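Notes follow the structure.
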Amino acid sequence: MKIATWNVNSVRTRLQQVTDWLQQHSVDVLCLQETKVVDADFPVAAFEQIGYHAYIYGQKSYNGVALLSREPLDSVSYGFAAVVEAEQVGDLDEQKRVITGVAQGIQIVNLYVPNGSSVGSEKYAYKLQWLSLLKQYLAQLLAENSALLVCGDFNIALEDRDIYDPANKQTHIMSSAAERQALQQVLKIGLKDAFRKFTEAEGHYSWWDYRAAAFRRNLGWRIDHHYLSELLYEQAKSCVIDTAPRRLEKPSDHAPVIVEIG
DNA sequence: ATGGCCTGTTACACAGGA
């Protein structure tokens with residue numbers, strides 16, 4: 001079973017690229033982030049025409065996540081509040097960043113973690129608070145299903161080898177100590193990085209800034225991840241970043257990451 | 001040293017991204 005994650009930076013702008021990619025790769029489930037569209041305007045038909053069911057959770061202009069699946073998914077739910085007590089969630093579901101569903105028994109969680117803007121900002125505090133709630137949310141899901149896959153755009157590079165230049169990591173968003181610690185706390189419930197099961201080397205990234213010819217120079221960050229529960233980690237067969245779509249005209253700034261289970 | 005680009009909005013610059 002193949003599951004992919006891809007921050008497409010607007011599903012409408014990237015529609016042709018995403019449908020082309022699906023037809024070339026025929027993954028079982030594709031998790032999209034930054035769809036940037038309200039549900040009524042999501043291009044559902046374009047995906048149904050190529051054999052995918054679409055489960056969408058969007059908002060106007062910003063954020064937005066979706067699950068595209070060859071087979072219908074079971075138990076699809078939207079936001080933290082489907083799992084965690086409402087008083088714990090507070091306003092953290094206002095931005096549409098969390099969707100989950102079950103495919104062939106695997107609980108697939110698709111996340112768009114807040115960017116955080118800059119270290120010490122209000123958005124940064126929001127990001128850390130959001131990650132704290134995420135831990136509760138995932139712990140509860142894992143207690144109900146030991147086959148848990150958590151993927152998406154985490155906006156965090158966990159290790160220095162995940163960054164082209166870690167020189168300013170402490171002050172840079174996506175690599176500060178507090179962000180890394182917050183994500184480590186989440187992973188402590190029993191999740192492991194699928195990519196690092198197969199690849200130890202540095203220089204593998206999933207996001208490159210549009211500016212300064214960053215992709216051509218491979219000045220990137222690995223911030224899009226597949227985290228697997230122990231059960232699935234043992235079954236993982238491969239995990240690769242597909243840089244081909246990043247080379248196209250008008251690409252997303254992120255590349256898709258594909259994991260194969262069982 | 002800085003910022004460089006891209007998307008969506010009811011826009012004709014801005015916020016937000018990372």
Side-chain angles (χ1 to χ4, degrees), chain A residues 5-18 31-43 46 56-66 91-92 94-98 110-131 134 151-180 182-183 202-225 241 243 245-257:
Chain A
T5 178
W6 193 4
N7 178 324
V8 291
N9 186 15
S10 171
V11 70
R12 288 179 292 181
T13 295
R14 230 64 66 195
L15 184 57
Q16 190 65 51
Q17 290 186 21
V18 178
C31 301
L32 299 179
Q33 304 90 35
E34 279 208 276
T35 54
K36 294 189 171 178
V37 63
V38 293
D39 294 349
D41 294 335
F42 191 101
I56 58 185
Y57 189 46
Q59 68 179 83
K60 188 177 174 181
S61 305
Y62 303 117
N63 311 311
V65 286
D91 62 359
L92 291 175
E94 284 178 16
Q95 300 177 13
K96 307 310 183 198
R97 298 177 176 278
V98 180
N110 174 17
L111 303 175
Y112 177 45
V113 176
N115 167 283
S117 187
S118 59
V119 174
S121 67
E122 231 171 82
K123 291 193 174 79
Y124 182 75
Y126 181 90
K127 181 179 194 174
L128 296 177
Q129 193 185 0
W130 194 95
L131 287 164
L134 176 65
C151 69
D153 176 2
F154 283 75
N155 274 316
I156 297 174
L158 209 45
E159 301 178 289
D160 290 354
R161 60 178 166 166
D162 299 323
I163 311 175
Y164 74 94
D165 177 12
N168 300 318
K169 64 179 178 180
Q170 294 293 355
T171 54
H172 200 296
I173 196 67
M174 303 190 293
S175 57
S176 69
E179 289 169 85
R180 287 179 169 181
L183 181 51
E202 59 182 23
H204 295 274
Y205 309 123
S206 65
W207 173 83
W208 301 260
D209 201 310
Y210 282 124
R211 297 166 293 187
F215 180 69
R216 183 176 55 72
R217 300 157 66 199
N218 197 28
L219 307 181
W221 294 60
R222 196 173 68 87
I223 58 175
D224 301 87
H225 306 296
I241 300 166
T243 56
R246 190 62 179 80
R247 298 172 208 282
L248 300 173
E249 288 287 316
K250 281 179 70 82
S252 168
D253 43 356
H254 295 252
V257 187

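Note that the coordinates shown come from a computational prediction; the quantities given were computed from them, not determined experimentally. In the text below, chain A, chain B and the rest are named by the order of the sequence lines, each starting its count at 1.
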Please report, rounded to the nearest Å, how far the C1' atom of B/dG17 is from the CD1 atom of A/I156.
-> 15 Å
Using a cut-off of 4.0 Å on non-hydrogen atoms, how would the nucleic acid contact of A/F215 be classed: base, sugar-phosphate, or nothing?
-> nothing
Write down the distance between CH2 (A/W208) and C1' (B/dG4), rounded to a whole number of angstrom.
-> 19 Å
Under 4.0 Å between a side-chain N or O of A/K123 and OP1 or OP2 of B/dG16?
-> yes
Taking atom P of B/dG8 as reference, at what distance in whole Å does atom NZ of A/K60 sit?
-> 13 Å
Using a cut-off of 4.0 Å on non-hydrogen atoms, how would the nucleic acid contact of A/N155 be classed: base, sugar-phosphate, or nothing?
-> sugar-phosphate
Give A/D224 one of three labels, base, sugar-phosphate or nothing, depending on what nucleic acid heavy atoms sit under 4.0 Å from its own.
-> nothing
Taking only N and O in the side chain of A/Y112, is any of them less than 4.0 Å away from OP1 or OP2 of B/dA18?
-> yes
Once you round it to whole Å, what is the distance between P of B/dG17 and CZ of A/R97?
-> 7 Å
How far apart are the C-alpha atoms of A/T5 and A/Q33, what are their side-chain angles, what is the distance that settles it, and do they pass the side chain to side chain donor-acceptor pair (under 3.5 Å) test?
-> CA-CA 8 Å; A/T5 178; A/Q33 304 90 35; 2.9 Å; yes
Tell me whether the OP1 or OP2 atom of B/dT9 has a side-chain N or O from A/K36 closer than 4.0 Å.
-> no
Under 6.0 Å between the ring centres of A/H172 and A/W221?
-> yes
Kindly say whether A/P256 contributes a backbone atom to a donor-acceptor pair with the side chain of A/D224 at under 3.5 angstrom?
-> no
Measure from CG on A/N63 to C1' on B/dA18 and round the result to the nearest Å.
-> 13 Å
